[in-house]
Amino acid sequence: MFPDMSASQLAILANMARSAFAARNWSEGPFPVHISSSFGVSAIALGDHSIHDAISRADGFLYRAKEAGRNQVVQEGIALLGVTPAASLKVVAS
């Protein structure tokens with residue numbers, strides 16, 4: 001869906017959106033509640049038969065984020081050496 005971005009770049013963008021949702025004061029608008037967001041991020045892999053394979057994995061990572069307490073991003077892949085992701089950004093091996 002974002003062909004010019006890597007999964008890591010997209011996970012960072014998703015985490016920025018997640019953080020913005022969490023920081024916003026929703027009580028002043030039409031939603032007088034606290035709203036958070038969770039995201040699952042995946043990329044097309046060599047063995048995929050179609051984009052639907054990557055979408056299915058991203059959907060699974062979204063459910064992992066929700067099961068782990070919500071308000072976080074779960075990304076498929078391997079963490080970069082020397083980089084510690086934010087607590088709300090989890091990198092999982094598929």
Side-chain angles (χ1 to χ4, degrees):
M1 308 299 171
F2 293 87
D4 296 331
M5 295 181 76
S6 70
S8 294
Q9 291 170 321
L10 189 53
I12 290 168
L13 180 64
N15 200 43
M16 290 169 57
R18 181 212 55 79
S19 181
F21 266 93
R24 188 173 190 276
N25 181 359
W26 294 94
S27 65
E28 296 175 0
F31 308 106
V33 296
H34 176 75
I35 296 177
S36 65
S37 57
S38 297
F39 296 88
V41 178
S42 182
I44 295 175
L46 288 176
D48 288 351
H49 297 289
S50 74
I51 192 165
H52 299 290
D53 294 333
I55 292 170
S56 178
R57 286 192 307 278
D59 189 51
F61 296 129
L62 170 61
Y63 281 98
R64 281 192 193 185
K66 290 179 177 183
E67 290 169 358
R70 300 179 184 255
N71 196 31
Q72 57 188 292
V73 176
V74 175
Q75 174 194 349
E76 173 182 37
I78 300 170
L80 299 175
L81 294 176
V83 175
T84 304
S88 57
L89 177 60
K90 309 220 181 325
V91 179
V92 296
S94 55

Among pairs that include at least one residue of residues 34-44, which meet salt bridge (Lys or Arg N to Asp or Glu O under 4.0 Å), considering only residues two or more places apart or in two chains?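 For residues 34-44, and leaving out neighbouring residues, there are no salt bridge (Lys or Arg N to Asp or Glu O under 4.0 Å) pairs at all.
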Between [atom1] on residue [X] and [atom2] on residue [Y], distance to nearest 0.5 Å:
X     : Y     : atom1 : atom2 : answer
Leu62 : Arg70 : CG    : CZ    : 9.0 Å
Ile35 : Asn71 : CD1   : CG    : 11.5 Å
Phe61 : Lys66 : CZ    : NZ    : 15.0 Å
Gln75 : Arg64 : CD    : CZ    : 12.5 Å
Arg24 : Ser19 : CZ    : OG    : 14.0 Å

Among Leu10, Ile12, Asn15, find the one that has a side-chain contact (heavy atoms from CB on, under 4.5 Å) with Val73.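 One option only clears the test, and that one is Asn15.
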Where Phe39 and Ala14 come nearest, the two heavy atoms and their spacing: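 What the structure gives for the nearest pair is CE1-O, 3.5 Å.
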Does atom CE of Met5 have more than 12 heavy-atom neighbours, drawn from other residues, nucleotides or ligands, at distances under 6.0 Å?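 Yes - once you tally the heavy atoms of other residues, nucleotides and ligands closer than 6.0 Å, there are more than 12.
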Partner residues of Ala54 under the side chain to side chain contact (heavy atoms under 4.5 Å, CB included) criterion, sequence neighbours left out: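 Counting only residues at least two positions away or on another chain, Ala54 forms a side chain to side chain contact (heavy atoms under 4.5 Å, CB included) with Ser42, Ile44, Asp48, Arg57.
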Starting from Tyr63, can I reach Val41 by hopping between I/L/V/M/F/W/Y residues whose side chains sit under 4.5 Å apart?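 No, it is not one cluster - the side chains of Val41 and Tyr63 are not joined through contacts under 4.5 Å.
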Output all residues satisfying ring pair (Phe, Tyr, Trp, His ring centres under 6.0 Å) with Phe21, sequence neighbours left out; order by chain, then residue number.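 With neighbours one apart ignored, the set is Trp26.
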